[in-house]
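Note that the coordinates shown come from a computational prediction; the quantities given were computed from them, not determined experimentally.
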Amino acid sequence: DDNVAIGYLAADALQSGNQNVAIGKHAFGTSTDGTHNVAIGPFAMYQPTSTVVGNVAIGYKALQQSTSANMTGIVAVGYEAGWNTYVTAADHSVYIGYKAARGIGNGLIGGNSPNVIIGGEAGFNMTGSAQNTVVGTRASKFNTNGHYSVHIGHESGTYTTGSYNT
């Protein structure tokens with residue numbers, strides 16, 4: 001199957017899938033199916049609830065406990081980036097930074113219209129939002145039902161609602 005697992009209980013439940021790399025305590029742990037994933041760091045990509053394909057999770061708890069109907073091509077880099085994410089589809093999303101997209105959920109986020117979230121706590125607890133570009137510390141934090149928006153800069157778009165915001 002060409003899987004690599006290094007660390008206590010790394011990829012411990014993997015039953016099918018191939019060419020995965022799991023490095024760190026519980027990295028890619030409890031996942032039973034996945035292909036072409038990279039999980040580096042303690043609890044990285046731990047407890048995904050769906051089949052995961054082509055994802056990259058680097059950092060402590062990056063993409064941990066992420067619930068998604070589809071989890072394909074997501075990149076999460078940073079301490080708790082994408083942690084505890086509840087989405088209907090997040091394919092091809094990018095989360096980079098300390099707690100970037102942490103706790104994002106409740107509604108369509110991603111799918112064929114992914115989010116790009118970069119910055120410390122950027123997109124933190126953002127809900128019901130899709131196809132956004134967010135760059136900056138705490139940018140779009142607590143954004144509700146915002147689609148097709150661009151928020152660039154420190155705390156830009158924080159607490160905003162609605163779509164097409166810049």
Side-chain angles (χ1 to χ4, degrees), residues 24 26-31 34-166:
H26 292 290
F28 204 48
T30 74
S31 179
T35 303
H36 304 135
N37 297 287
V38 176
I40 300 174
F43 300 97
M45 214 180 306
Y46 178 70
Q47 293 180 325
T49 60
S50 62
T51 299
V52 290
V53 178
N55 300 287
V56 176
I58 300 174
Y60 177 75
K61 292 187 179 179
L63 283 182
Q64 181 193 4
Q65 295 180 329
S66 293
T67 302
S68 175
N70 298 304
M71 201 162 141
T72 302
I74 300 171
V75 175
V77 179
Y79 178 92
E80 294 184 358
W83 178 79
N84 207 26
T85 301
Y86 293 92
V87 295
T88 55
D91 292 356
H92 312 292
S93 288
V94 176
Y95 312 136
I96 300 174
Y98 173 83
K99 296 185 180 182
R102 183 182 189 272
I104 197 171
N106 299 325
L108 179 63
I109 299 176
N112 293 322
S113 40
N115 286 301
V116 175
I117 300 173
I118 301 171
E121 295 186 355
F124 186 98
N125 283 336
M126 194 164 83
T127 59
S129 302
Q131 203 169 12
N132 296 291
T133 300
V134 177
V135 179
T137 304
R138 297 188 188 103
S140 208
K141 186 174 180 179
F142 303 114
N143 181 330
T144 305
N145 297 321
H147 306 296
Y148 316 108
S149 297
V150 177
H151 297 132
I152 299 175
H154 177 72
E155 296 185 356
S156 63
T158 300
Y159 296 105
T160 59
T161 60
S163 300
Y164 303 98
N165 295 302
T166 55

(message) Quick one, L63 with I74, criterion side-chain contact (heavy atoms from CB on, under 4.5 Å). Give me CA distance, side-chain angles, the key distance, then yes/no.
(response) CA-CA 9 Å; L63 283 182; I74 300 171; 4.0 Å; yes

(message) Once side chain to side chain donor-acceptor pair (under 3.5 Å) is applied, what residue pairs with a partner in residues 157-166 remain, sequence neighbours excluded?
(response) N143-T160

(request) Spell out, as yes or no, whether a donor-acceptor pair under 3.5 Å connects the side chain of H147 to the backbone of A130. (result) yes

(request) Not counting sequence neighbours, list each pair that qualifies as a salt bridge (Lys or Arg N to Asp or Glu O under 4.0 Å) and has a residue in residues 142-157. (result) R138-E155

(message) Does anything in residues 34-48 form a salt bridge (Lys or Arg N to Asp or Glu O under 4.0 Å)? List the pairs, not counting sequence neighbours.
(response) none

Drop me the distance from [X]'s [atom1] to [Y]'s [atom2], to the nearest 0.5 angstrom.
{"X": "Y46", "Y": "T30", "atom1": "OH", "atom2": "OG1", "value": "5.5 Å"}
{"X": "T127", "Y": "N145", "atom1": "OG1", "atom2": "CG", "value": "6.0 Å"}
{"X": "R102", "Y": "E80", "atom1": "CZ", "atom2": "CD", "value": "4.5 Å"}
{"X": "N115", "Y": "H92", "atom1": "CG", "atom2": "NE2", "value": "13.0 Å"}
{"X": "N125", "Y": "N84", "atom1": "CG", "atom2": "CG", "value": "9.0 Å"}
{"X": "I104", "Y": "S140", "atom1": "CD1", "atom2": "OG", "value": "8.0 Å"}

If you look at every heavy atom in [X] and [Y], which pair is closest and at what distance?
{"X": "A122", "Y": "I117", "value": "O-CG2, 3.1 Å"}
{"X": "A139", "Y": "G153", "value": "CB-O, 3.6 Å"}
{"X": "A81", "Y": "Y95", "value": "CB-O, 4.0 Å"}

(request) Can you label the angle between the F124 ring and the F142 ring as parallel, tilted or perpendicular, going by 30° and 60°? (result) perpendicular

Side-chain donor/acceptor pairs under 3.5 Å, residues 35-45, sequence neighbours excluded:
unit_1 : atom_1 : unit_2 : atom_2 : d
H36    : NE2    : Q19    : OE1    : 2.7
N37    : OD1    : G54    : N      : 3.3
N37    : OD1    : N55    : N      : 2.9
N37    : OD1    : N55    : ND2    : 3.1
N37    : ND2    : N20    : OD1    : 3.0
N37    : ND2    : T35    : O      : 3.2
N37    : ND2    : V52    : O      : 2.9

(request) Applying salt bridge (charged side-chain N to carboxylate O under 4.0 Å, His left out), name anything that partners K61, two or more places apart in sequence or on another chain. (result) none

(request) For K141, check side-chain hydrogen bond (donor to acceptor under 3.5 Å, both in side chains) against everything at least two apart and list the hits. (result) E121

